[in-house]
Amino acid sequence: MSDKMIELEDNATHTGPKGVINDWRRFKLESMDPENLPPAKRELLRQMSSPGRPKDDSRANLNRKMSVQEYELLKEEDAGCLKKYRRRCMQEMHDKLSFGPKFEGVHDLDSGEAFLEVIEKEHYSTVVVVHIYKDGVKGCEELNNCLDCLATEYPTVKFCRIDAVASGAAERFSDEVLPTLLVYKAGELLGNFLSCTQHLNEEFFATDVEAFLNSYGLLPEKELPGEEDEDENDVE
């Protein structure tokens, strides 16, 4: 086997039981702060992760059985480290499965042409949510505020809004059917909710709009929480 093939194997992600254990061991070693360890454990950590070992011995060192001392070192603070390891694995899987553009905020459309363009030319994997509103119509301002919040929660969804008059179809979108939510994907209309606030309580919030759209399966899974967010939740 060539040196190049060996190098590729060393860098590959192992998915079998032994590979997962070795990946966990490597992650645990990398996450430890030697400066905060007692001298004896610091020396043991240095021996376990010494960069001076010959390359052809690295796999054998990684796959060998752990000594009792190594096991004791690795099992300490396993709960916190395991949580970080699980989060890293989930993030890697999420990154592999996630594709398509990401967006910031709600996009204001100023014409019927802009409305058609966002529907027809957006990435095929992108869900497009369009709010047709009119200033002064009950529920429109509140729904706009809710979409501002949801846009931060769902960056892979393109949230847009357009005034009914500016859309060029004011006769179709009279005050009686506003606010209206239209949901598209790959140019196909998935949801057409006229006077959508009738499905919500008198006083509604972003979570209510989110639950309504999710009840029709129109929103993708949320982005994974950051490490700081999870740590804060653990403290609570």
Side-chain angles (χ1 to χ4, degrees), residues 94 97-233 235-236:
H94 183 273
L97 297 177
S98 298
F99 54 91
K102 293 188 177 183
F103 309 93
E104 293 184 1
V106 179
H107 299 255
D108 290 293
L109 308 177
D110 57 8
S111 66
E113 290 75 16
F115 174 66
L116 292 176
E117 182 174 353
V118 76
I119 294 171
E120 297 173 352
K121 296 186 178 181
E122 196 50 67
H123 192 277
Y124 70 90
S125 69
T126 298
V127 173
V128 180
V129 178
V130 181
H131 174 209
I132 301 178
Y133 70 96
K134 186 176 180 182
D135 291 336
V137 174
K138 184 179 179 181
C140 287
E141 182 179 358
E142 291 82 354
L143 187 55
N144 272 331
N145 293 334
C146 291
L147 296 185
D148 286 333
C149 294
L150 292 181
T152 65
E153 297 283 334
Y154 294 90
T156 60
V157 175
K158 187 165 188 175
F159 290 92
C160 305
R161 56 186 163 224
I162 184 170
D163 184 277
V165 176
S167 71
E171 67 282 356
R172 292 180 54 195
F173 297 107
S174 62
D175 294 0
E176 289 72 25
V177 300
L178 298 180
T180 289
L181 276 180
L182 304 177
V183 184
Y184 296 87
K185 185 175 182 180
E188 179 183 355
L189 180 64
L190 302 181
N192 181 11
F193 306 106
L194 303 177
S195 188
C196 61
T197 51
Q198 67 180 321
H199 304 288
L200 305 171
N201 296 325
E202 184 73 16
E203 185 179 16
F204 61 90
F205 304 94
T207 51
D208 300 310
V209 179
E210 177 184 31
F212 172 70
L213 293 173
N214 274 328
S215 69
Y216 290 90
L218 296 174
L219 293 179
E221 290 187 8
K222 281 186 178 181
E223 292 285 283
L224 291 174
E227 184 173 320
E228 293 182 0
D229 295 337
E230 279 201 8
D231 290 342
E232 289 178 3
N233 292 335
V235 173
E236 294 176 359

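The chain is numbered in sequence order, starting from 1.
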query = For the atom pair CG (Leu109) and SG (Cys160), what is the distance rounded to the nearest 0.5 Å?
reply = 4.5 Å
message = Rounded at 0.5 Å granularity, tell me how far CZ in Phe159 sits from OG1 in Thr152.
response = 9.0 Å
request  = Enter the distance from Leu143:CG to Cys196:SG here, rounded to the nearest 0.5 Å.
outcome  = 5.0 Å
inquiry  = Could you tell me if the side chain of Asn144 sits less than 4.5 Å from the side chain of His131, heavy atoms only?
reply    = yes
query = So which heavy atom on Phe115 is nearest to which on Val130, and how close?
reply = CE1-CG1, 3.5 Å
inquiry  = Are more than 12 heavy atoms, taken from residues, nucleotides or ligands other than Glu104, located less than 6.0 Å from that residue's CD atom?
reply    = no
message = Would you say that Tyr184 contacts Val127 through its side chain, given a criterion of any heavy-atom pair below 4.5 Å between the two side chains?
response = no
ask   = Should we count CD of Gln198 as having more than 12 external heavy atoms under 6.0 Å?
value = yes
remark   = Between Leu147 and Leu181, the two heavy atoms sitting closest are CD1-CD2, 4.3 Å
request  = To the nearest 0.5 angstrom, please state how far the OG1 atom of Thr207 sits from the CD atom of Glu153.
outcome  = 10.0 Å
inquiry  = Using 0.5 Å steps for rounding, measure from the CD atom of Glu202 to the CZ atom of Phe204.
reply    = 9.0 Å
inquiry  = Going by salt bridge (charged side-chain N to carboxylate O under 4.0 Å, His left out), name the pairs with one or both residues in residues 173-183, residues two or more places apart or in two chains.
reply    = Lys134-Asp175
query = Looking only at heavy atoms, which two atoms of Thr156 and Phe103 are closest? And how far apart?
reply = O-CE1, 3.8 Å
task = Indicate yes or no: at least one non-hydrogen side-chain atom of Asp148 is less than 4.5 angstrom from one of Arg161.
result = yes
query = Shortest non-hydrogen contact from Cys140 to Pro179?
reply = SG-CB, 3.7 Å
query = Shortest non-hydrogen contact from Ser111 to Ile162?
reply = O-CD1, 3.4 Å
query = Is there side-chain contact between Leu213 and Tyr154, with heavy atoms separated by less than 4.5 Å?
reply = no
key: Close side-chain approach of Val118 and Lys158, heavy atoms under 4.5 Å   = yes
request  = Taking the side chain as every heavy atom from C-beta outward, state whether Phe193 and Leu218 have any atom pair closer than 4.5 Å.
outcome  = yes
task = Looking only at non-hydrogen atoms, find the nearest pair between Asp208 and Leu200 and report the distance.
result = O-CD2, 3.8 Å
ask   = Going by heavy atoms in the side chains, are Glu210 and Cys149 under 4.5 Å from each other?
value = no
query = Are side-chain heavy atoms of Leu194 and Asn192 found at a separation under 4.5 Å?
reply = yes
